[in-house]
Amino acid sequence: MRMSQLVGARFKERPAEATLESHAFLLRGGYARQVANGIYSLLPPALRVCQKIEAIIREEMNRIGGQEVLMPLVMPRELWEESGRYQAIGHELARFKDRTGHDMLLGMTHEEGVVHLCRNEINSYTQLPFMVYQIQTKFRDEPRSRGGLIRVREFTMKDAYSFHVEEDDLADYYQACYEAYERIFRRCGLPEVVAVESDTGMMGGSVAHEFILLTEAGEDSIVVCEETGYIANMEVATGRIHAYPAEPLPMEKVHTPGKTTIEEVAEFLGIPTHQTAKAVFYDSDRDGKLVLAVIRGDREVNESKLAKVIQATPVPADTAKIKAAGSEPGYASPLGLNTEKVRIVVDHTVEESNNLCTGANETDYHVINFNLARDLPGIDCVDIANVADGDHGPDGQGLLKIQRGIEVGNIFQLGTKYTHAMGMSFLDENGKTRTPTMGCYGIGVGRLMSSVMEVRHDKFGIKWPMPIAPWQVQLNALKLSEPSVKETAEKLYADLQQAGIEVLFDDRNQRPGVQFADADLLGLPIRLIVSERNLAEGNIEWKRRDTDESGTVAIADAIASVSAWIEEGLNEFA
């Protein structure tokens with residue numbers, strides 16, 4: 001490819017809208033252009049990177065028996081009604097009517113689509129297990145698009161789905177996919193990606209892992225214990241939280257005028273926040289009952305954990321419902337509430353700490369010395385708390401640390417959630433009708449590309465790993481108007497292509513500073529520089545953007561040297 005013909009400008013200035021380095025280089029390097037919030041067009045360099053990522057994904061999916069299919073982006077409402085997700089998912093699911101007035105949607109994931117595709121294609125246990133996958137456009141009406149391609153509304157994803165007779169077989173295949181994912185991320189130049197336990201969320205199922213690239217640019221909170229090796233997403237992380245037991249004191253109502261937050265109450269009473277109990281109302285559990293979550297004041301409710309307890313998505317309750325339940329916003333308490341109307345969910349931190357301050361369900365009043373076992377007996381406590389830096393690990397060993405990360409892939413053991421709801425069945429060896437169990441496995445292609453950019457760059461631009469670089473070599477010709485430079489550069493360009501080497505030739509006759517700035521932005525692993533000075537000695541200059549090495553090589557040896565460097569770069573991540 002010649003730079004003079006390459007579509008996409010490069011520029012020095014950092015775009016004001018770029019919050020992450022990868023976002024800035026995506027725009028500055030001529031990789032992508034925003035069309036609307038969370039929607040981007042990819043220019044040739046980015047598309048080449050994505051195609052290489054897709055090729056690696058296909059190789060690894062085929063390696064574990066995957067069969068590639070292609071399902072539609074647009075699906076009818078009825079499919080998602082069968083699974084129950086049409087009503088359960090909110091505004092993230094893009095809905096529209098076609099010209100006949102029929103309700104349609106844009107797929108944000110394809111569990112319903114794949115069950116529809118496969119349920120009439122199998123009828124016997126002899127056809128199981130199998131896995132199908134696709135690389136397809138998705139649309140999720142994400143409310144908080146950010147970071148370029150890190151979090152978008154329209155995106156390309158590899159989603160795979162496996163079907164099995166037994167849970168044990170699913171577990172075995174899940175492990176095979178787990179290992180395939182490790183190979184994919186390593187081959188894409190991210191061997192540091194780690195797998196963490198995660199919440200199953202709207203996908204459902206019993207077991208899930210996220211593959212996380214640990215970086216401060218990430219928006220996911222990852223809980224790590226370096227001493228024990230424990231690692232989990234904040235949504236499911238557990239730990240040993242310090243308790244504050246004490247001899248119970250008599251409960252007493254105190255006047256706290258205008259103090260409605262934990263911090264205000266603690267400061268007013270001169271007590272630490274861990275000596276308070278926080279009461280948070282949600283609307284509502286699976287049975288439609290108002291929920292009151294009670295947790296120690298120095299902790300936050302983990303809504304993913306709470307969702308599993310109440311079997312519904314926690315939604316903050318409005319003031320009217322709180323008052324109707326006999327409580328008072330800002331002064332809420334579990335004391336004196338009618339449990340026929342309110343489901344009270346208490347965290348272990350409240351059970352394990354005594355003499356707490358909580359609301360009095362009366363404006364301008366709290367109570368002190370609340371002790372759960374004495375004052376609200378008979379309530380079973382659960383874990384609904386976020387862990388924090390400095391907590392001990394789940395086994396009481398080591399200290400937890402909260403890190404940031406980008407989710408680059410996920411895998412789920414879905415069980416029979418979708419196959420049962422949508423009537424997919426087969427006959428087992430005894431002629432009995434059974435429901436297949438299911439797994440699903442996703443990787444966002446654009447997000448993976450941007451994640452590489454986020455951790456593989458310097459202040460000048462990207463430093464692509466060899467396996468997914470848009471081109472392997474950047475050829476720069478300084479003073480292209482000089483006949484010897486032009487002749488050598490053109491021949492080298494032809495020879496590199498003849499050798500099967502991907503090369504981007506800067507044939508624009510620009511100043512060295514402009515050429516090198518663009519080369520740094522683009523970030524190709526190997527740079528060859530043809531100049532009068534080095535030609536006088538029969539050499540050309542080379543620079544490794546990926547390793548920061550540099551030197552000169554005889555013109556006659558250039559192709560062999562480049563080939564060796566490419567092989568070395570590919571093998572580094574094999």
Side-chain angles (χ1 to χ4, degrees), residues 238-282 290-303 305-306 309-310 316-317 319 322-323 325-392 394 396 399-400:
T238 59
R240 298 282 183 88
I241 298 174
H242 185 70
Y244 296 93
E247 188 66 27
L249 298 174
M251 189 163 61
E252 178 184 349
K253 187 163 77 169
V254 295
H255 191 217
T256 53
K259 310 304 179 186
T260 60
T261 69
I262 290 295
E263 292 73 18
E264 289 172 344
V265 172
E267 182 180 4
F268 182 77
L269 297 177
I271 60 176
T273 55
H274 67 68
Q275 204 175 325
T276 66
K278 182 187 301 181
V280 186
F281 277 97
Y282 292 94
L290 194 65
V291 174
L292 176 61
V294 185
I295 191 170
R296 209 170 66 199
D298 62 331
R299 294 288 161 159
E300 297 296 329
V301 175
N302 183 313
E303 293 184 351
K305 293 179 181 179
L306 179 62
V309 176
I310 66 175
T319 299
I322 295 173
K323 285 180 174 290
S327 189
E328 184 65 31
Y331 303 90
S333 166
L335 295 169
L337 295 183
N338 184 346
T339 55
E340 294 296 318
K341 295 182 178 180
V342 181
R343 178 176 179 175
I344 300 175
V345 180
V346 182
D347 183 70
H348 288 300
T349 53
V350 175
E351 179 185 37
E352 296 166 356
S353 299
N354 292 342
N355 299 325
L356 302 177
C357 173
T358 187
N361 287 325
E362 180 181 344
T363 300
D364 291 339
Y365 284 92
H366 283 76
V367 296
I368 58 173
N369 302 326
F370 165 64
N371 292 270
L372 181 69
R374 180 194 67 193
D375 303 322
L376 208 64
I379 289 186
D380 293 329
C381 295
V382 295
D383 174 20
I384 56 168
N386 277 336
V387 298
D389 276 320
D391 290 342
H392 287 287
L399 296 178
L400 299 180

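Residue numbers count from 1 along this sequence. In what follows, every heavy atom counts, from backbone to side chain, and hydrogens, waters and symmetry copies are set aside. Because the structure is a prediction, the values reported are computed rather than measured.
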> Say whether, by atom type as modelled, one donor and one acceptor occur between the side chain of Asn369 and the main chain of Pro250 under 3.5 angstrom.
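Checked: pair present.
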
> List the atom pairs, with distances to 0.1 Å, where a side-chain N or O of residues 358-368 and a protein N or O form a donor-acceptor pair under 3.5 Å, not counting sequence neighbours.
from   : atom 1 : to     : atom 2 : distance (Å)
Asn361 : OD1    : Ser327 : OG     : 2.5
Asn361 : OD1    : Ser333 : N      : 3.0
Asn361 : ND2    : Ser333 : O      : 3.1
Asn361 : ND2    : Leu335 : O      : 2.8
Glu362 : OE1    : Lys253 : NZ     : 2.9
Thr363 : OG1    : Glu328 : OE2    : 3.4
Asp364 : OD1    : Gly258 : N      : 2.9
Asp364 : OD1    : Tyr331 : OH     : 3.1
His366 : ND1    : Thr256 : OG1    : 2.7

> Using the side chain to side chain contact (heavy atoms under 4.5 Å, CB included) definition, which of the options Thr238, Val382, Val345 pairs with Lys305?
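Filter result, single survivor: Thr238.
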
> Is Asp380 atom CG crowded by more than 12 heavy atoms from other residues, nucleotides or ligands, each under 6.0 Å away?
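For Asp380, atom CG is not crowded (no more than 12 foreign heavy atoms under 6.0 Å).
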
> List for me each residue that meets side-chain contact (heavy atoms from CB on, under 4.5 Å) alongside Asp347, sequence neighbours excluded, and say none if there are none.
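For Asp347 the side-chain contact (heavy atoms from CB on, under 4.5 Å) partners, ignoring immediate neighbours, are Ile295, Thr349, Asp383, Ile384, Ala385.
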
> Rounded to the nearest 0.5 Å, what separates atom OG1 in Thr276 from atom CD in Glu264?
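Answer rounded to 0.5 Å: 12.5 Å.
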
> I'd like to check Leu399 versus Asp391 (side-chain heavy atoms, cut-off strictly below 4.5 Å). Are they in contact?
no

> Let me confirm one number: the CD-OG distance from Gln275 to Ser353, rounded to the nearest 0.5 Å.
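The distance works out to 9.5 Å.
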
> If you take all heavy atoms of Asn386 and Ile241, which pair is closest and at what distance?
O-CD1, 4.4 Å

> Calculate, to the nearest 0.5 Å, the distance between atoms CG and OH belonging to Leu306 and Tyr282 respectively.
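So the CG of Leu306 and the OH of Tyr282 are separated by 6.0 Å.
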
> In this structure, are over 12 heavy atoms from other groups packed under 6.0 Å from Glu267 atom CD?
no

> Return the CG to NE2 distance between Leu269 and His255, rounded to the nearest 0.5 Å.
11.5 Å

> With distance as the sole test, does Asp375 use its side chain to make a donor-acceptor pair with the main-chain N or O of Phe370 at under 3.5 Å?
no

> Looking only at atom types and distance, does a side-chain atom of Lys278 sit under 3.5 Å from a main-chain N or O of Arg299, one as donor and one as acceptor?
yes

> For the residue pair Ala266 and Thr273, what are the closest heavy atoms and their distance?
CB-CG2, 4.0 Å

> Could you pull out the closest heavy-atom pair between Leu292 and Pro334, with the gap in Å?
CD2-CA, 3.6 Å

> Ring pair (Phe, Tyr, Trp, His ring centres under 6.0 Å): which pairs involve residues 257-281, sequence neighbours left out?
Tyr244-His274

> What is the distance from atom SG of Cys357 to atom CD1 of Ile271, rounded to the nearest 0.5 Å?
5.0 Å

> Shortest non-hydrogen contact from Leu290 to Ala325?
CD2-CB, 3.6 Å

> Search all heavy atoms of Ala277 against all heavy atoms of Leu356 and return the closest pair with its distance.
CB-CD1, 4.1 Å

> Please report the shortest heavy-atom distance between Pro377 and Ala373, naming the atom on each side.
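Nearest heavy atoms, Pro377 then Ala373: CB-O, 3.5 Å.
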
> Would you check if the side chain of Arg240 reaches a backbone N or O of Pro394 as a donor-acceptor pair within less than 3.5 Å?
yes

